[in-house]
Amino acid sequence: MKLKSQINDVIKEAFIKAGIEHSPLSVTEATKPEFGDFQFNGAMALSKKLSKNPREIAQLILDNLDLTQMLTKAEIAGPGFINLWLNPLWIAAECKESLLDERLGVEVCANPLKVVVDYSGPNMAKQMHVGHLRSTIIGDTLANLLTFLGDEVIRQNHIGDWGTQFGMLIAYLEETGKDASVSLKDLEQFYKDAKACFDEDVLFSDKARAYVVKIQSGDKHCLQLWEKFIDISLGHCEEVYEKLDVQLTRDDVRAESFYNDDLPKVVEDLHNAGKLTQSEGAQCVFLEDDEIPVIVQKGDGGYLYATTDLAALRYRAQVLDAKRISYVVDARQAGHFKQVFKVAKEAGFVPEDVKLEHIAFGTMMDKGGKPFKTRDGGTVKLIDLLDEAVVKAKETINNKEDYSEEAIETLAKIIGIGAVKYADLSINRESNYIFNWDKMLSFEGNTSLYLQYAYARIQSIFRKHDSEVCGDIIIGDDVEHRLATMLLRFDDVLKRAAVDASPNQITTYLYELGTLFMRFYEQNPILKIGVDEKMKMSRLQLADLTAKTIKQGLEILGIKVVDKL
RNA sequence: GCACUCUUAGCUCAGCUGGAUAGAGCAUCGGUUUGCGGUACCGAAGGUCACAGGUUCGAAUCCUGUAGGGUGUACCA
C-alpha cells in the first residue's frame with residue numbers, strides 16, 4: 001500500500017495518454033482539506049518545457065485522468081494546481097485490507113539492503129551519561145524501522161574499550177587489591193578515584209603507563225583484568241539498555257579492540273595505495289580540498305580513532321558485506337566522518353556503491369539552553385535520568401488505588417521511558433533540543449502520553465464491545481474520510497523516514513493521526529444507542545486500525561502502549 | 001583566522017524533492033449538559049520566516065553578502 005506511488009501511477013498513465021513525454025513530479029498531500037486529499041503541482045513545472053500555459057497543461061492531464069477507481073474527482077485551481085480527491089469506496093476497501101494484514105498494509109521494501117547501523121558506542125571507562133542517550137535511541141529506532149521495512153540490519157555497538165585510560169583503571173584495580181565486581185559497582189566513582197591517584201601520585205601514574213604497555217603487548221594477567229573490567233562495565237550498559245528498552249545485546253558489540261590486529265594493515269594498505277604522507281613525524285592522508293590531514297599513525301607509532309574507524313569501515317563493507325553503513329553519532333563529529341568516509345572510498349576499503357552516512361544529531365540542552373549538566377556542573381548519569389523519569393511518571397498516574405504496587409511500577413516505566421524517548425525522537429534530529437520534564441510528561445501536545453492515551457481510549461471501547469466486529473468500512477463523513485486517508489499514509493511515512501533517517505517524521509505522523517482520531521471520536525459516536533449497526537461496525541474498524549497503527553508506530557520508536565492508563 | 005551549522009508566533013518546535021492565505025503544541029482568552037475514558041474536543045488572538053540583494057511564473061526552502069548564536073579546527077575518542 002504505497003499511497004503516493006499509486007496515485008503517481010495514475011498521473012503517469014494520464015501523461016502517456018496525453019502524449020506528454022516527461023515523467024511527472026510526485027504528488028504531495030494537499031495543504032488544506034478544501035484542496036482535496038492530494039495535489040499535483042507538476043503542470044506549472046512543465047510550462048516552460050512544453051511552452052504552454054500551465055492551466056492548459058493541467059487541463060490536458062485532467063482530460064486523460066482515470067477518475068473511476070482510486071480517484072473520484074480532480075480540479076484545476078490557481079495557476080495550475082491539480083487537486084485530487086480519493087474515492088471513498090476505494091479508501092474504505094484499502095483500510096479494510098490493511099486491517100486484515102499483519103503489517104497493516106506496509107509493504108516490505110522492493111530492494112532490501114544489508115545495513116549496518118552503528119550506534120550507542122559508550123566508553124567502557126565510564127558510566128553511560130546523557131550524552132549517549134540520543135545516539136542510543138535514534139540508532140535503535142533506525143534499526144527497528146529498517147528491520148520492519150525488510151532490510152537486513154546489523155546493529156553494531158562500537159564500544160570504547162581501548163586506550164590509555166584503561167592502564168590507569170587496571171593499575172588502580174590492582175593497587176586497591178579489591179575484588180573487581182565490588183570495586184566497580186560505582187564505575188563513575190572508581191574512575192574519579194583512579195584519576196585522582198593518577199594526577200597526584202607520580203609512582204602510580206608511572207605504573208599506569210606501564211600497564212598500558214603491558215596490555216598492548218598481551219600480558220596475560222593484565223589482559224584478564226582488562227577483560228574483567230570490560231565485562232562489568234558492559235554489564236552496566238546492559239542495565240541501561242534494559243531500562244531504555246533498546247534492542248542492543250552483547251552479540252552486537254564490536255569493540256574498538258576488535259580491530260587492533262588490523263590497524264597496521266590499514267596503514268600499510270594506505271601506504272600501498274599511495275595515500276600516505278609523513279608529516280611532522282606522523283603518517284597522514286592529505287585530502288585535496290582539506291588542509292587538515294587524517295592522521296592514521298602517531299609519531300610514536302600509536303594508532304588513532306581514524307585508524308580504527310577505517311578498519312571498521314572496511315570490515316563492515318567487506319566482511320559484513322553491508323551496502324549502507326549508518327553512523328548515529330553527535331553532529332560535532334561531522335568533519336571527522338566526512339574525511340574518514342572519503343579516505344575509505346579513495347583507498348578502496350569501501351566499494352563505490354556502498355552508501356556511507358553520518359546520521360548526525362544535535363546536543364541535548366537544559367531549560368536555559370545550556371548543555372545538560374548536574375547542578376554542580378558534572379555529567380548526568382543516564383541511569384539516574386531514567387530513574388527520575390519513572391519517578392516523575394508515577395505522579396501522572398491517576399487512581400493509584402486501582403493498581404497494585406507492581407502494576408504502578410510497570411506502568412510508570414512504560415510512561416516515563418516512553419516520554420524521554422518520544423521527546424527526543426520527535427524533534428528534528430539535527431537541531432539541538434531543550435530537555436523539559438513537564439513538557440514531555442504532559443498529556444497535551446505532541447507527546448508519547450497523548451498517543452498512549454489515545455490508544456488506551458480505543459482499547460476501552462473494545463472492552464465495552466467485546467463481540468464480533470465484521471462488515472465493511474464505510475466512509476460516512478469528512479472526518480472519517482480524512483482519518484482513513486491518514487491511516488493509508490503509514491507506508492509512505494515509514495519509507496520516507498527510513499530514507500532520511502528521521503524519526504520525527506514518524507512522530508509527526510502519529511500525532512496527526514492521534515488528533516484526527518480524537519476529533520473523529522468526539523463527533524462520531526460508536527457505541528452510543530441509536531448508532532446504525534453498519535456505521536458502528538465501520539467505526540469500530542477505523543478505531544481498531546488507528547490503534548494498531550499507533551501501536552506499530554510507537555513500537556518502531558521503541559515505545560510501548562498499554563490497554564489502560 | 002578558516003570550515004561547517006543554525007536563526008520561523010511570548011515559549012518549545014513542524015514545514016518532505018521551491019508551489020496556493022507559513023502550521024502545531026504550551027501559555028492567554030472564549031466555548032462544548034446527561035460524557036462510548038473531558039488527561040478530550042471546538043474557536044479566537046498571536047509571525048516583515050534574523051537582515052539585504054539575486055535566481056524563478058512562484059522562495060521559509062536555492063545562490064551571494066551582512067549581523068548574531070553554536071560547533072569543529074594535526075598526533076584524545
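Quick note on labels: first sequence line is chain A, next is B, and so on, each numbered from 1. We use all heavy atoms of the structure for the numbers below, so side chains are in, but hydrogens, waters and symmetry mates are not.
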What distance, rounded to whole Å, do you find between the two P atoms, one in C49(B) and one in U8(B)? 11 Å
Under the ring pair (Phe, Tyr, Trp, His ring centres under 6.0 Å) rule, what pairs show up with a residue in residues 449-469 of chain A, not counting sequence neighbours? Y450(A)-Y511(A)
Which residues satisfy the salt bridge (Lys or Arg N to Asp or Glu O under 4.0 Å) test with D478(A), sequence neighbours excluded? none
Can you tell me, in whole Å, how much space there is between the C1' of C63(B) and that of G18(B)? 13 Å
Who passes side chain to side chain contact (heavy atoms under 4.5 Å, CB included) against E444(A), sequence neighbours left out? S442(A)
Test side chain to side chain donor-acceptor pair (under 3.5 Å) applied to S23(A) - qualifying residues, sequence neighbours left out: none
Distance between P atoms of C4(B) and G25(B) (Å, rounded): 38 Å
Taking CD1 from I461(A) and C1' from A40(B), how many angstroms apart are they, rounded to a whole number? 13 Å
Within residues 432-442 of chain A, residues whose heavy atoms come under 4.0 Å of RNA chain B: N432(A), Y433(A), I434(A), K439(A)
Considering only atom P, compute the distance from U34(B) to A50(B) and round it to an integer number of Å. 46 Å
Anything under 3.5 Å between a donor and an acceptor, one on a side chain of residues 527-540 of chain A, the other on a protein residue two or more places apart or in another chain? List them.
from, atom 1, to, atom 2, distance (Å)
D532(A), OD2, K534(A), N, 3.0
D532(A), OD2, M535(A), N, 3.2
S538(A), OG, I474(A), N, 2.7
S538(A), OG, I474(A), O, 3.1
R539(A), NE, E480(A), OE2, 2.8
R539(A), NH1, P525(A), O, 2.7

Whole angstroms only, please: what is the CD-P distance between Q39(A) and C16(B)? 13 Å
Report the C-alpha separation of D424(A) and Y433(A) in whole Å, then their side-chain angles, then the decisive distance to 0.1 Å, and conclude whether the side-chain hydrogen bond (donor to acceptor under 3.5 Å, both in side chains) test is met. CA-CA 8 Å; D424(A) 192 311; Y433(A) 93 98; 3.3 Å; yes
Between A20(B), G37(B), C41(B), spot the one nearest the side chain of E522(A), thanks. C41(B)
Taking the ring of F35(A) and the ring of F81(A), is the distance between their centroids below 6.0 Å? no
Whole-Å C1' distance, A59(B) and C16(B): 16 Å
Per atom distances to the E444(A) side chain, the nearest of A14(B), A24(B), A27(B) is A27(B)
Is there a side-chain contact between Y509(A) and the phosphate of G15(B), meaning an N or O under 4.0 Å from OP1 or OP2? no
From CD of E533(A) across to C1' of C36(B) the rounded distance in Å is 14 Å
Contact under 4.0 Å: Y521(A) side-chain N or O vs G37(B) OP1/OP2: yes
Per the salt bridge (Lys or Arg N to Asp or Glu O under 4.0 Å) rule, what does the pair list look like for residues 445-457 of chain A, sequence neighbours excluded? R457(A)-E522(A)
Fit a plane to each ring of F490(A) and Y509(A), take the angle between them on a 0 to 90° scale, and name the class: parallel (under 30°), tilted (30 to 60°) or perpendicular (over 60°). parallel
Does N504(A) have a side-chain nitrogen or oxygen under 4.0 Å from the phosphate oxygens OP1 or OP2 of C16(B)? no
Using a cut-off of strictly less than 4.0 Å, decide whether R519(A) has a side-chain nitrogen or oxygen near OP1 or OP2 of C42(B). yes
Look up atom CG in L449(A) and atom CE in M440(A), then write down how far apart they are to the nearest 0.5 Å. 12.0 Å
Whole angstroms only, please: what is the CD1-C1' distance between I295(A) and U73(B)? 12 Å
Does the structure show F35(A) stacking with A20(B), if we require the centres to be closer than 5.5 Å and the planes to be within less than 30 degrees of parallel? yes
Under 4.0 Å from OP1 or OP2 of A14(B): is there any side-chain N or O of S431(A) that close? yes
Identify, with sequence neighbours excluded, every residue that meets salt bridge (Lys or Arg N to Asp or Glu O under 4.0 Å) alongside D199(A). K195(A)
Can you pull out the residues from residues 328-335 of chain A that lie within a 4.0 Å heavy-atom distance of RNA chain B? R332(A), Q333(A)
Against the side chain of A282(A), the closest entry in A77(B), C16(B), C75(B) is C75(B)
Separation of C57(B) atom P from K48(A) atom NZ, nearest Å, is 4 Å
C1' atoms of G19(B) and G35(B), separation to the nearest Å: 44 Å
Looking at the side chain of L304(A), which of A20(B), G37(B), C75(B) is the nearest nucleotide? C75(B)
Just grab all the salt bridge (Lys or Arg N to Asp or Glu O under 4.0 Å) pairs involving residues 294-303 of chain A, residues at least two apart or on different chains. none
Closest nucleotide among C41(B), A20(B), C16(B) to the T28(A) side chain: C16(B)
Is K370(A) near enough to G70(B) that one of its side-chain N or O atoms lies under 4.0 angstrom from OP1 or OP2? no
Please report the distance, rounded to the nearest Å, between CE in M364(A) and P in C13(B). 13 Å
Taking side chain to side chain donor-acceptor pair (under 3.5 Å) as the test, write out the residues that go with D262(A), two or more places apart. none
ring-ring contact (aromatic ring centres under 6.0 Å, His included) test vs H158(A) passes for just one of Y327(A), Y305(A), Y315(A), Y259(A), namely Y259(A)
Under 30°, 30 to 60°, or over 60°: which ring-plane class applies to W437(A) and F435(A), parallel, tilted or perpendicular? perpendicular
Taking only N and O in the side chain of K464(A), is any of them less than 4.0 Å away from OP1 or OP2 of G37(B)? yes
Could you measure between the two C1' atoms, the one in U21(B) and the one in G58(B), and give it in whole Å? 15 Å
Checking A74(B), A20(B), A14(B) against the side chain of T508(A) (C-beta onward), the nearest is A14(B)
Bracket string, RNA chain B, 5' to 3' - pairs by Watson-Crick or G-U geometry under 3.5 Å, | interstrand: (((((((..((((.........)))).(((((.......))))).....(((((.......))))))))))))....
Nearest to side-chain heavy atoms of P293(A), which nucleotide of A74(B), G35(B), A40(B): A74(B)
Side-chain N or O of R463(A) less than 4.0 angstrom from OP1 or OP2 on G37(B)? no
The nucleotide from A74(B), C75(B), G19(B) with an atom nearest the side chain of I292(A) is A74(B)
Out of G25(B), C36(B), A74(B), minimum distance to the side chain of P525(A) belongs to C36(B)
Can you tell me how far C1' in G72(B) sits from the matching atom in A77(B), rounded to whole Å? 14 Å
